[in-house]
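Take a look at the structure set out below.
Just so you know, residue 1 is the first one in the sequence shown, and it goes up from there. Both counts, for ligands and for their atoms, begin at 1 and track the order of listing.
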Amino acid sequence: MGALGNESEYAAALRAGLVVGLRKQGVLSDARVADAFATVPRHVFVPGVAVEAAYADDVVLMKQDGAGVAISSVSQPSIVALMLEQAGVEPGQRVLEVGSGGYNAALLWELVTPNGAVTTVDIDGEVTERAGATLRTAGYDGVEVVRADGVEGWKGNAPYDRIVVTVTAADVAPAWVDQLAVGGRIVAPLRVRGQTRSLALDLQPDGSLRSRSSVNCGFVAMQGPRAEYERAVRVVGDDVVLRTDQDQEIEAPVLDGPGFVRWTRVLMDRDEPFCQLDLWLASVFEEYCVLAASRAAVKRRLVRPALRWGGAAVAKDGSIAYLTSQAGPKRNLVELGVRAHGPSAVLLAEEVAGQVRHWDSVLRGGPDPVFLVHPASTPDLPEGPHFRTRNCVVTPIWAH
Ligand SMILES: C[S@@+](CC[C@H](N)C(=O)[O-])C[C@H]1O[C@@H](n2cnc3c(N)ncnc32)[C@H](O)[C@@H]1O
């Protein structure tokens with residue numbers, strides 16, 4: 001159901017091409033999710049956008065704030081597919097989507113049909129209006145669209161078998177857990193210390209959550225009175241900035257010349273993603289943050305980060321250590337190092353370099369950790385590094 005009777009064959013062909021592309025990328029393997037993608041007319045949900053762009057594997061920006069920062073979009077099909085596969089939605093289930101756009105709600109509707117229910121909430125009235133109108137146009141009148149702060153969930157239709165959050169969250173809102181049915185699952189892009197992972201979190205009998213999968217991703221930031229924002233600590237004006245969580249107390253270090261470097265002998269392919277190493281460093285250092293450098297700062301050698309734009313850093317007691325690199329033994333390889341400044345530069349560089357070597361020898365190429373989520377008031381937390389968010393404690397359990 002749902003596909004428009006008069007839609008062009010051209011759109012249908014583009015849609016079929018999108019499904020083939022997503023399968024090739026390896027982000028779409030579930031036959032029911034693939035059928036949903038083959039059915040829902042994405043072009044209807046992005047009015048005013050060329051039909052070719054509607055079926056590209058790309059985010060479609062729908063709204064920006066005054067500073068030009070994206071605040072609403074129709075998400076990129078590949079991340080939508082990954083999250084729907086993480087959610088494992090079954091016919092007959094009740095689903096809450098946080099962050100509307102219409103498209104994902106329609107896909108969810110295809111997956112819960114028959115006899116299921118989909119509610120989608122968005123904090124922005126313009127978004128709910130557009131999502132409601134496009135859902136009706138595409139024939140998905142059954143989806144309930146509500147304007148609300150998604151941090152509260154939506155009690156009206158609870159309990160839910162699945163809660164799918166499509167906006168970056170810095171916390172697992174207690175309302176989501178309260179509104180989850182027994183055996184339910186939350187899929188949410190959780191950002192801690194600058195690392196965002198879409199976690200599929202299964203509700204456990206004791207009320208805690210346990211991840212069954214995690215996917216590296218990026219979304220627009222949550223808005224509203226209880227949203228938590230990343231903080232920017234300016235090191236050299238706007239040219240060198242440290243991005244930290246709202247509650248991390250990190251003071252700006254002074255960059256004094258080239259600094260001290262500890263090379264690690266750890267080699268990285270130039271195309272290899274850093275996300276697992278970043279997550280490991282974020283797990284072990286409470287003072288982990290993300291260094292962001294302008295091109296000018298890199299050109300002037302104010303900082304020499306491993307990646308063109310910056311990367312992992314640890315800042316404490318007025319000192320900073322960040323990942324740097326130098327040419328490796330082959331053209332495609334670089335050697336990782338740690339460059340440090342400040343009174344504890346040598347110590348901090350040694351400490352971070354030790355953890356880079358540990359990641360390389362023990363964790364590299366292995367699975368991402370399993371994430372356990374407990375309410376902040378839990379007396380006996382599982383052992384391990386802890387990420388403390390406003391309402392919960394997230395424990396990443398690495399397969400050592
Ligand atoms: C990436 S878009 C959602 C994409 C959508 N699910 C789709 O079908 O493509 C994120 C949305 O989250 C909304 N949002 C931000 N903060 C929110 C909050 N506190 N509660 C509910 N929605 C929120 C934004 O207004 C934006 O429309």
Side-chain angles (χ1 to χ4, degrees), residues 2 18 22 33 36-37 40-47 49 53-66 69-84 86-87 89 95-111 118-135 137-138 140 143-156 162-176 179 186-191 196 198 217-230 390-391:
L18 174 65
L22 295 175
V33 179
F37 270 90
V40 176
R42 189 170 190 255
H43 63 286
V44 175
F45 296 96
V46 287
V49 169
Y55 290 104
D57 182 23
D58 217 343
V59 62
V60 178
L61 182 60
M62 303 304 281
K63 196 171 172 182
Q64 291 166 288
D65 67 10
V69 177
I71 54 171
S72 187
S73 59
V74 169
S75 306
Q76 185 174 6
S78 47
I79 185 63
V80 173
L82 281 167
M83 289 179 78
L84 289 177
Q86 286 187 289
V89 179
V95 180
L96 173 69
E97 180 193 41
V98 175
S100 311
Y103 180 57
N104 191 44
L107 292 166
L108 287 166
W109 182 265
E110 292 290 344
L111 294 170
V118 177
T119 307
T120 180
V121 299
D122 201 288
I123 199 165
D124 186 329
E126 259 179 52
V127 175
T128 48
E129 222 169 272
R130 192 194 64 238
T134 49
L135 281 162
T137 305
Y140 295 96
V143 173
E144 190 169 336
V145 184
V146 181
R147 182 181 182 183
D149 186 341
V151 167
E152 301 286 359
W154 181 248
K155 265 193 196 154
R162 300 287 184 266
I163 298 180
V164 179
V165 181
T166 63
V167 57
T168 303
D171 191 20
V172 178
W176 302 340
Q179 293 171 22
I186 299 171
V187 178
L190 189 66
R191 188 199 69 223
T196 308
S198 171
C217 68
F219 270 91
V220 298
M222 175 107 52
Q223 304 166 54
R226 280 186 288 149
E228 289 179 47
Y229 297 93
E230 279 189 315
R390 180 177 292 171
N391 288 293

The test is side-chain contact (heavy atoms from CB on, under 4.5 Å); show your working for Val69 and Val220 and say whether it passes. CA-CA 9 Å; Val69 177; Val220 298; over 6 Å; no

So is [X] polar-close to ligand 1, meaning N/O to N/O under 3.5 Å?
| X | result |
| --- | --- |
| Ile123 | yes |
| Gly99 | yes |
| Asp124 | no |
| Gly150 | yes |

So if I count the atoms of ligand 1 from 1 in the order they appear, which ones are less than 4.0 Å from some heavy atom of Asp149?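 It comes down to these atoms of ligand 1: 18 (C), 19 (N), 20 (N).
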
Under a heavy-atom criterion of less than 4.0 Å, does [X] contact ligand 1?
| X | value |
| --- | --- |
| Gly224 | no |
| Ala148 | yes |
| Ser73 | yes |

Just need the protein heavy atom nearest to [atom], so name the residue and atom and give the distance.
| atom | value |
| --- | --- |
| atom 10 (C) of ligand 1 | Thr166 O, 3.4 Å |
| atom 7 (C) of ligand 1 | Gly101 CA, 3.8 Å |
| atom 8 (O) of ligand 1 | Asn104 N, 3.0 Å |
| atom 9 (O) of ligand 1 | Ser75 N, 2.8 Å |
| atom 16 (N) of ligand 1 | Gln223 N, 2.9 Å |

Run down the list Met83, Glu97, Met222 and name the one with the heavy atom closest to atom 6 (N) of ligand 1. Glu97

Nearest non-hydrogen contact with atom 11 (C) of ligand 1 belongs to which option: Asp122, Val127, Thr134? Asp122

Under a 4.5 Å cut-off applied to non-hydrogen side-chain atoms, are Thr166 and Glu97 in contact?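 Contact flag for Thr166/Glu97 side chains = yes.
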
Could you check whether any side-chain heavy atom of Leu84 comes within less than 4.5 Å of a side-chain heavy atom of Leu108, counting everything from C-beta outward?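 Heavy-atom side-chain distance check passes, below 4.5 Å.
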
On a heavy-atom basis, which atom in [X] and which in [Y] lie closest, and how many Å separate them?
| X | Y | result |
| --- | --- | --- |
| Trp154 | Thr119 | CD1-CG2, 3.8 Å |
| Thr134 | Gly101 | OG1-O, 4.4 Å |
| Gly99 | Thr120 | O-OG1, 4.1 Å |

Are any of the side-chain nitrogens in Arg226 or Asp149 under 4.0 Å away from the carboxylate oxygens of its partner?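 No, this pair does not count.
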
Salt bridge check: are Arg191 and Glu228 linked by an N-O gap of less than 4.0 Å? no

Taking 4.0 Å as the limit for heavy-atom contacts, which would you say applies to [X] with ligand 1: side chain only, backbone only, both, or neither?
| X | answer |
| --- | --- |
| Val167 | side chain |
| Ile71 | backbone |
| Ser100 | backbone |

With rounding to the nearest 0.5 angstrom, report the CD to CG distance, Gln76 to Asp58. 6.0 Å

More than 12 foreign heavy atoms under 6.0 Å from CD of Glu129: is that the case here?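 No - once you tally the heavy atoms of other residues, nucleotides and ligands closer than 6.0 Å, there are 12 at most.
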
Please verify the inter-ring angle class for Phe45 with Tyr140; under 30° counts as parallel, over 60° as perpendicular, anything in between as tilted.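 Phe45 and Tyr140: tilted rings.
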
